[in-house]
Amino acid sequence: VQLQASGGGLVQAGGSLRLSCAASGRPFSRYCMGWFRQGPGKEREFVAAIGWSGRSSTNYADSLKGRFTISRDRAKNTVYLQMNSLKPEDTAVYYCAVVISTRDTYVYTRVGDYEYWGQGTQVTVSS
């Protein structure tokens, strides 16, 4: 499985970015896709994830609810992360990840749950 993340960049505080992550490789069955981030000197942390069933199964880090929205296009094997009202503390490398799962509505939130990782995309928010 290969994951290609894109959409990162430099944005001013209050601005928006939309990250994309396209999955390819092995034939896909059911899977959960998630976004994590790792700021300078920090551990990788959960941002958001979406289960196979889509909008009815999403989860967000509490501190990001209302600003970030995750969605997916199953036909394109692509997950998106819409980030609004960005803050300097959102500066980090953002990683997408996939875990194969038969639990359609279950959303995985731990780093260790995920089997495949993308290369990361840098998001920098200036004050």
Side-chain angles (χ1 to χ4, degrees):
V1 175
Q2 292 81 44
L3 300 174
Q4 182 66 47
S6 60
L10 174 64
V11 64
Q12 288 188 331
S16 298
L17 282 174
R18 187 193 194 208
L19 306 183
S20 300
C21 178
S24 61
R26 61 173 282 180
F28 281 91
S29 54
R30 285 165 162 76
Y31 56 93
C32 174
M33 296 186 79
W35 286 98
F36 294 78
R37 68 185 185 183
Q38 190 165 13
K42 298 181 180 179
E43 293 187 352
R44 193 168 298 189
E45 64 177 358
F46 172 73
V47 173
I50 185 166
W52 177 251
S53 59
R55 279 183 295 177
S56 61
S57 58
T58 58
N59 200 338
Y60 297 89
D62 288 341
S63 61
L64 302 177
K65 289 179 181 177
R67 295 195 298 123
F68 288 17
T69 303
I70 190 170
S71 60
R72 74 191 295 168
D73 184 331
R74 231 189 271 182
K76 296 181 179 180
N77 284 330
T78 299
V79 65
Y80 305 96
L81 184 69
Q82 178 67 43
M83 305 185 295
N84 299 326
S85 301
L86 284 163
K87 304 175 181 180
E89 51 263 43
D90 294 319
T91 295
V93 177
Y94 284 70
Y95 297 91
C96 60
V98 162
V99 54
I100 308 300
S101 173
T102 59
R103 304 168 69 180
D104 290 358
T105 59
Y106 189 79
V107 182
Y108 296 84
T109 62
R110 299 181 304 174
V111 170
D113 290 331
Y114 285 79
E115 301 167 283
Y116 305 98
W117 291 83
Q119 84 286 0
T121 184
Q122 177 70 47
V123 171
T124 302
V125 184
S126 62
S127 57

With rounding to the nearest 0.5 Å, note down the distance linking [atom1] in [X] to [atom2] in [Y].
X: Ile100; Y: Arg30; atom1: CD1; atom2: CZ; value: 12.0 Å
X: Cys21; Y: Gln119; atom1: SG; atom2: CD; value: 8.0 Å
X: Gln4; Y: Asn77; atom1: CD; atom2: CG; value: 14.0 Å
X: Gln122; Y: Thr91; atom1: CD; atom2: OG1; value: 7.0 Å
X: Ile70; Y: Gln82; atom1: CD1; atom2: CD; value: 12.0 Å
X: Tyr94; Y: Phe68; atom1: OH; atom2: CZ; value: 4.0 Å

Any donor and acceptor pair, going by atom type alone, linking the side chain of [X] with main-chain N or O of [Y] inside 3.5 Å?
X: Tyr80; Y: Thr69; answer: no
X: Gln38; Y: Ala92; answer: no
X: Arg103; Y: Gly51; answer: no

Give me the atom names and distance for the closest heavy-atom approach of [X] to [Y].
X: Met33; Y: Ala23; result: CE-CB, 4.3 Å
X: Ser16; Y: Ser85; result: OG-N, 4.3 Å
X: Phe46; Y: Asn59; result: CZ-O, 3.5 Å
X: Gly7; Y: Thr121; result: N-OG1, 4.2 Å
X: Leu81; Y: Val47; result: CD2-CG1, 4.0 Å
X: Ala13; Y: Pro88; result: CB-CD, 4.1 Å

Open item on the list: With heavy-atom distances below 4.5 Å as the criterion, would you say the side chains of Met83 and Trp35 are in contact?
Closed with: no
Open item on the list: Counting C-beta onward and ignoring hydrogens, is there a side-chain heavy-atom pair between Tyr114 and Cys32 closer than 4.5 Å?
Closed with: yes
Side-chain heavy atoms under 4.5 angstrom apart, residues restricted to Ile, Leu, Val, Met, Phe, Trp, Tyr: same cluster for [X] and [Y]?
X: Val79; Y: Leu19; value: yes
X: Leu64; Y: Val125; value: yes
X: Tyr116; Y: Tyr95; value: no
X: Val1; Y: Trp117; value: no
X: Ile50; Y: Val98; value: yes

Task: Over 12 foreign heavy atoms within 6.0 Å of CZ, Arg110 - done: no
- [ ] Count the heavy atoms of every other residue, nucleotide or ligand shown that sit under 6.0 Å from NZ of Lys65, and state whether that count exceeds 12.
- [x] yes
- [ ] Give the C-alpha distance, both sets of side-chain angles, the deciding distance and a yes or no for ring-ring contact (aromatic ring centres under 6.0 Å, His included) between Tyr31 and Trp52.
- [x] CA-CA 6 Å; Tyr31 56 93; Trp52 177 251; 5.3 Å; yes
Task: Check: Tyr106/Ser101 side-chain N/O donor and acceptor closer than 3.5 Å - done: no
Open item on the list: Set out, in order, the CA-CA distance, both residues' side-chain angles and the distance that settles side chain to side chain contact (heavy atoms under 4.5 Å, CB included) for Ser126 and Gln12, then state yes or no.
Closed with: CA-CA 5 Å; Ser126 62; Gln12 288 188 331; 3.7 Å; yes
Open item on the list: Run Glu43 and Val111 through side chain to side chain contact (heavy atoms under 4.5 Å, CB included) and show every step you take.
Closed with: CA-CA 10 Å; Glu43 293 187 352; Val111 170; over 6 Å; no
